[in-house]
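Worksheet: one structure, shown below.
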Amino acid sequence: MAQADISVAPVVAQGGHNHPDKWKWYDYFTFNVDHKVIGIQYLVTSFLFYLVGGFMAVLMRTELATPDSDFLTPELYNAFLTNHGTIMIFLWIVPAAIGGFGNYLIPLMIGARDMAFPKLNAIAFWLNPPAGALLVVSFFVGGGAQAGWTSYPPLSEITANLPQTLWCLALVLVGTSSILGSVNFLVTIWKMRVPSMAWDEMPLFCWAMVATAILALFATPVLAAALILLVFDINFGTSFFKPDAGGNVVVYQHLFWFYSHPAVYLMILPIFGIMSEVIPVHARKPIFGYKAIAYSSMTICLVGLFVWVHHMFTSGTAPWMRIFFTISTLIVAVPTGVKIFSWVATLWGGKIRYTTAMLFAVGLLSMFVFGGLSGVTLGAAPFDIHVHDTYYVVGHFHYVLFGGSVFGIYAGIYHWFPKMTGRMLNEPLGKVHFVLTFIGTILTFTPMHSLGIQGMPRRVAMYDPQFTDLNQLVTVGSYILAVSVIPFYINVIWSWMAGKEAGPNPWNAMTMEWTTASPPIIENWEVLPVLTHGPYDYGFEPKEAATGEEALVPK
Amino acid sequence: MQGTVDSTPVVTGHELATHEEHQDLRLLGLITFLCSEFLMFAGFFAVFLVFWGSKAEWPPKETEVELLLPAVNTFILVSSSLVINLGTKAIKNNDLAGLRKWFGITAAMGAVFLVGQVYEYMNLGYGLKTNLFSNCFYLMTGFHGAHVFIGLMLILGVLWRSRRANHYNDITHTGPEMAEIYWHFVDIVWIVLFTLIYLLTLI
Amino acid sequence: MKQIPAPLLTLVIGIVVTLVSLWVGQNNNMLPVQASEQAPLVDDLFNVMVTIGTALFIVVQGAIVYSMIRFRQRKGDETDGLPIEGNLPLEVFWTAIPAVIVVGLGLYSVVVFQEMGGFSPGGHHNHGTMVAMAPQKSVIDVAPLLSQASEDDLFSKTQVYGFGAGSQTLGNVPDLTVNVVGMQYAWIFTYPDTNIVDGELHVPVGQDVQLMIEAKDVIHSFWVPQFRLKQDALPGETAELRFVATREGTYPVVCAELCGAYHGGMRTQVIVHSTEDYADWMASRVASATPTSTVAQPMENATDAEYLAALAPELVQAPVQIAQMSAMNMDHASLR
Ligand code: HEA
Ligand code: HEA
Ligand code: CUA
Ligand SMILES: [Cu+2]
């Protein structure tokens, strides 16, 4: 582990707390309750699973380079497809964005020494590796779950029963983890801010995490219910979703999407939080419209709970539902737009630093607008009838998930890596990474939209020869994406061991995590900090601090 | 243009000279968790209601529920919620004996409820797999039963710990309070469950 | 830029963006040919959305690129930008405009949905379709799957999903009803009036066709890209898809819902005939129809080939297809 550049006095032994001055490398492999250790545990595991999920994607794309099913068997293709989606969502974006950044940053940003329930926090993390293991094992005991990450019955009940059961269990584990984590986030943010920090002086990342946690608390248990019923159907002879015994297959879809639509906002809200932190720092300007951004997170959280049927427009959906959910879905564009415009306004008139973190943040901005707009077209039921379950949808969600969430995670890593490890990442290598990722993303996920509109359904291992050209373009793009991760992983490993020392505040940022050493000492500060200015007070004359308190702490 | 923000830390004062006390936020955490937990049951309830609304005959003739025993059981469980409250009231007045007495009674009532449930299962004449209604019936009551069991364990845990001298008193009594909240939760879920499975199907 | 006054510049940019977006909206050329009455409705909606989307995209993207260039850090400048923390009128503006746009789009969607027949599946608005939906006595006894559940059925259903009569056909009795069954991995089309069973869908151009869609085993989804219509085939639920084909030709029928390993191979064709051709086809099929003795036979223990033969005899005449199907290892009995 990197040697910390502790610019403050060494930790004085603190009464009642017997922990070492500094964690050793092996502490990161144990049941450690320090939120920073847990944050890094989340990040490292999720980055590993990213490779696994990406590996599956690359194999799938190789299969799709030709119209015939010649590289993978169709069963294996479906298993990769299912587990690619599952791993990317549940073992990559969710643990990285929520578990990783959330745990690492929240206590530091609000001036707390740890989360409210450190042990619970560690338990929440340790539910993840077994979940991943279950998915991996499922490949060896029957070829992996093959019913798609949505696992609609009755298909999920008649194919690959054992792997499907393991898949359900894995999801219940990560779901439990996410509920426990959310309890922790909510209580921590609510009760453990330094007393001088009012709600509207919190960094926006914390607001985003409040919205995320509420969403997770309300939605995840419903998924658990659906999966439990599925497991009972598969293994214990019940027939909730078996039509021939009176069961109803559409009910499962409602339960599933009641969780899984909010889940997509679980994957983007923390990223929005990261954006609101990264952009002001590297544009050297206060965030534009603090309150609007904070409240729009809450609005998305609320409205996001009532749009789930837009995934079921072609299913057994009553006409009034198609219309109601069309309108509620379109409404989400408004609060999201508020955020996008506010970030652009933050750039406007700044002194933009072309750091890699900033490049990824701005890259996200343009990608996400495209993905969001294609989402709006999907929201209109009459059009969605045509493109539902086609590559148009696949294009949409990779734009928001890869161009959004993944870009955001990269931006966050480039921004906070110095804080987490005490060392800077290599900038030129980072820019190579950015350029490759940017080009690869456009090349991979743009042609998917026309494929879908023209008639290529998703989740197929074989397709019409007329779609070959575009598919090959997509495959080339995916190879570029596969190559793009190489400079990144090299950069991280090398910089972690031997990068330039960062110091406590390499970006000259104003949120509280930058007031402690890099990496922060155990328990974060020797004496808890007191807020003297808002989180984004760039450009204000520091001199005014003494005289005009209001200017510095906008209330 | 104004100058850069200087890198003097935000830290300017000492919040607390000594190491701060950890707040005890467990009650809040538990309540948050239970809100979430309730939604899992809500998922089951929703499934049940969909079937109730779409089936001509619900429950089907061969799987009709019986009402007397569950009604008695409901009475026991609901009143146990009042009893457990007496226990926490007692410890707030530093009355350890009271705590133990009332928690003991609650535990006994919970156990009776569970035994009654098992007795009901054994005398119904249909099992989990019989039909869609029995699927729902056993799944929902079974999951609830598991929660009662956990609640019972919590109460017994409190009783066990209460043997230690001064473990609970008028100042520290979060343990009993958590057990109580959990028990109320189990109770609320049961009331909804009872309404759905036993009362609604009478209509 | 100093020479041109800002309002003028804004106006020019606005006009250019509008023109470009309108052009892109009309010329995106991404959609396949239109072959049903619904298709132009959907395409118009899509093109409007592309127009709006392009405009928004150019504006946001333009602002980003402009800022990145104009407001980049100059060499040696370590100062901060202007401390602007918000601007209420601006924020109200960019909340209100999208709100107006989405409400407009929402209303437009409702209108299109209405015209497509989205509000009338199951014939709630006319008696004719109800008649057509009554259990059909067909050659093969797939009635339990296709029909509405009978009165004494324990689990009766009332809801029919999908698309019913559109604005043009409202109140009409459909000219042709076809029962559609999806199963791993084939579509079976049954013509209840003539007892024809086929693996391809044949319809006459310009006539009001009603499909009654169900699935046998798992969920499938009936999609004809050129019709812009898609409806899941759900086991145990009925769905209706009503359309008027407007263009003769052969179009793919695609299964759009993951239904197992060979989901990608589950495709067939819809052939839109001229009225005369359709009559010819019908005549030839009725003539060749074999009296079916297979009907009474219980199907639970049938082999794949027998099962398929009973459902769709003509498929058996295509040896390649049947071989392919049994290779796909259909487990049609697994759900019973
Ligand atoms: C990070 C994840 C993420 C995010 C943020 C979103 C955001 C949105 N999504 Fe997406 N979506 C997915 C992930 C995500 N989605 C996934 C994974 C699936 C597929 C699941 C599966 O089937 O496997 C999916 C599928 C999906 C469907 C179902 C398609 C189908 O299967 O037929 C729909 C339909 O409505 C939809 C809509 C939307 C909308 C309206 C938004 C909105 O939130 C977007 C809002 C953003 C903007 C609109 C852009 C910025 C705004 C402005 C510039 C303001 C002005 C704009 C207007 C006035 C329009 N999504
Ligand atoms: C955050 C989520 C996320 C991310 C990041 C990605 C990333 C990628 N996805 Fe995926 N995808 C989903 C979520 C995601 N996807 C979901 C939810 C589905 C739906 C599943 C379903 O339908 O059920 C899906 C489906 C999906 C499909 C559709 C399959 C189908 O419908 O038939 C395709 C096809 O091209 C695809 C491609 C890709 C590609 C090329 C990438 C690339 O970005 C990946 C780039 C690759 C890497 C970054 C890793 C490269 C590394 C190596 C090659 C080395 C490997 C080494 C070791 C393992 C040690 N994805
Ligand atoms: Cu049938 Cu896919
Ligand atoms: Cu959604």
Side-chain angles (χ1 to χ4, degrees), chain A residues 74-75 78 148 152 154-155 158-159 243-244 246 249 283-286 288-289 292 314-317 319 323 326-327 330-331 333-334 337-338 340-341 344 347-353 362 365-366 369 373 377 380-383 385-386 388-389 450 453-455 457 459-462 538-540, chain C residues 30-32 42 45-46 49 53 56-57 60-61 63-64 67-68 71-73 77 79-83 85-86 91 94-95 98-99 102 105-106 109-110 112-113 116 118-119 155 161 218-219 221 225 228 230-232 234-237 254 256-265 334-336:
Chain A
E75 286 85 4
N78 283 356
Y152 282 3
L155 182 66
I158 61 166
T159 28
D244 45 354
V249 292
R284 311 307 304 166
K285 250 192 89 209
F288 192 98
T314 70
S315 183
T317 326
I323 289 311
T326 289
I327 290 167
L330 296 182
I331 289 174
V334 178
V338 167
I340 301 276
F341 297 132
V344 175
L347 293 177
W348 195 278
K351 300 274 172 84
I352 299 171
R353 269 72 168 159
V362 175
L365 213 50
S366 28
V369 170
L373 291 172
T377 61
F383 178 66
I385 300 288
H386 175 50
H388 169 71
D389 263 332
S450 18
I453 291 188
Q454 286 168 21
R459 297 168 163 174
V460 295
M462 51 275 229
Y538 300 98
F540 288 98
Chain C
M30 287 201 285
L31 290 150
V42 175
L45 172 65
F46 178 65
M49 292 195 294
L56 287 166
F57 186 74
V60 177
Q61 217 62 270
I64 295 171
S67 312
M68 288 303 282
F71 301 113
R72 68 184 188 279
Q73 177 193 24
D77 180 2
T79 59
D80 288 350
L82 293 170
E85 297 193 301
E91 289 172 51
W94 69 44
T95 313
V102 297
L105 269 183
S109 300
V110 176
V112 172
F113 191 67
M116 289 172 75
F119 287 115
F155 304 113
Y161 304 110
V218 301
I219 305 175
S221 192
R228 312 284 188 275
K230 181 183 289 124
Q231 174 58 48
D232 284 8
L234 299 154
E237 313 264 351
V254 182
E257 179 67 51
L258 178 62
C259 54
Y262 291 85
H263 157 60
S334 58
L335 261 184
R336 300 226 184 84

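Below, read A as the first sequence line, B as the second, and so on, with proteins coming before strands; counting in each chain starts at 1. Values below: every heavy atom of this structure, side chains too, minus hydrogens, waters and symmetry copies.
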Donor-acceptor check, side chain of [X] to backbone of [Y], threshold 3.5 angstrom: yes or no?
| X | Y | answer |
| --- | --- | --- |
| A/His386 | C/Val42 | no |
| A/Lys285 | A/Trp348 | yes |
| C/Lys230 | A/His388 | yes |
| A/Arg459 | A/Pro457 | no |
| A/Lys351 | A/Arg284 | no |
| C/Arg228 | C/Pro32 | yes |

How far apart are the closest heavy atoms of C/Val60 and A/Phe341, and which atoms are they?
CG2-CE2, 3.7 Å
Please report the closest heavy-atom contact between C/Tyr161 and A/Thr317, naming both atoms and the distance.
CD2-N, 3.4 Å
Among the listed options [options], the residue most often paired with chain A at heavy-atom distances under 4.5 Å:
| options | value |
| --- | --- |
| C/Ile64, C/Leu45, C/Val112, C/Leu56 | C/Ile64 |
| C/Ala261, C/Gly53, C/Ser221 | C/Ala261 |
| C/Gly106, C/Ser109, C/Pro98 | C/Ser109 |

Sort [X] into side chain, backbone, both or neither according to what part of it lies under 4.5 angstrom from a heavy atom of chain C.
| X | value |
| --- | --- |
| A/Ile323 | side chain |
| A/Val338 | both |
| A/Leu373 | side chain |
| A/Tyr152 | side chain |

Ring-plane angle category for C/Phe113 and C/Phe119, please: parallel below 30°, perpendicular beyond 60°, tilted otherwise.
perpendicular
Checking heavy atoms, do the side chain of [X], its backbone, both or neither come under 4.5 Å from chain A?
| X | result |
| --- | --- |
| C/Glu257 | both |
| C/Val110 | both |
| C/Leu105 | both |
| C/Glu91 | side chain |
| C/Met116 | side chain |

Which one wins on heavy-atom pair count under 4.5 Å against chain C: [options]?
| options | result |
| --- | --- |
| A/Pro74, A/Gly455, A/Pro382 | A/Pro382 |
| A/Leu155, A/Val369, A/Leu347 | A/Leu155 |
| A/Ala381, A/Gly148, A/Gly349, A/Ser450 | A/Gly349 |
| A/Ala283, A/Ala380, A/Ser366, A/Ala292 | A/Ser366 |
| A/Gly337, A/Gly350, A/Gly316, A/Gly289 | A/Gly316 |

To the nearest 0.5 Å, atom CD1 of A/Ile453 lies from atom CE of C/Met30 at 4.0 Å
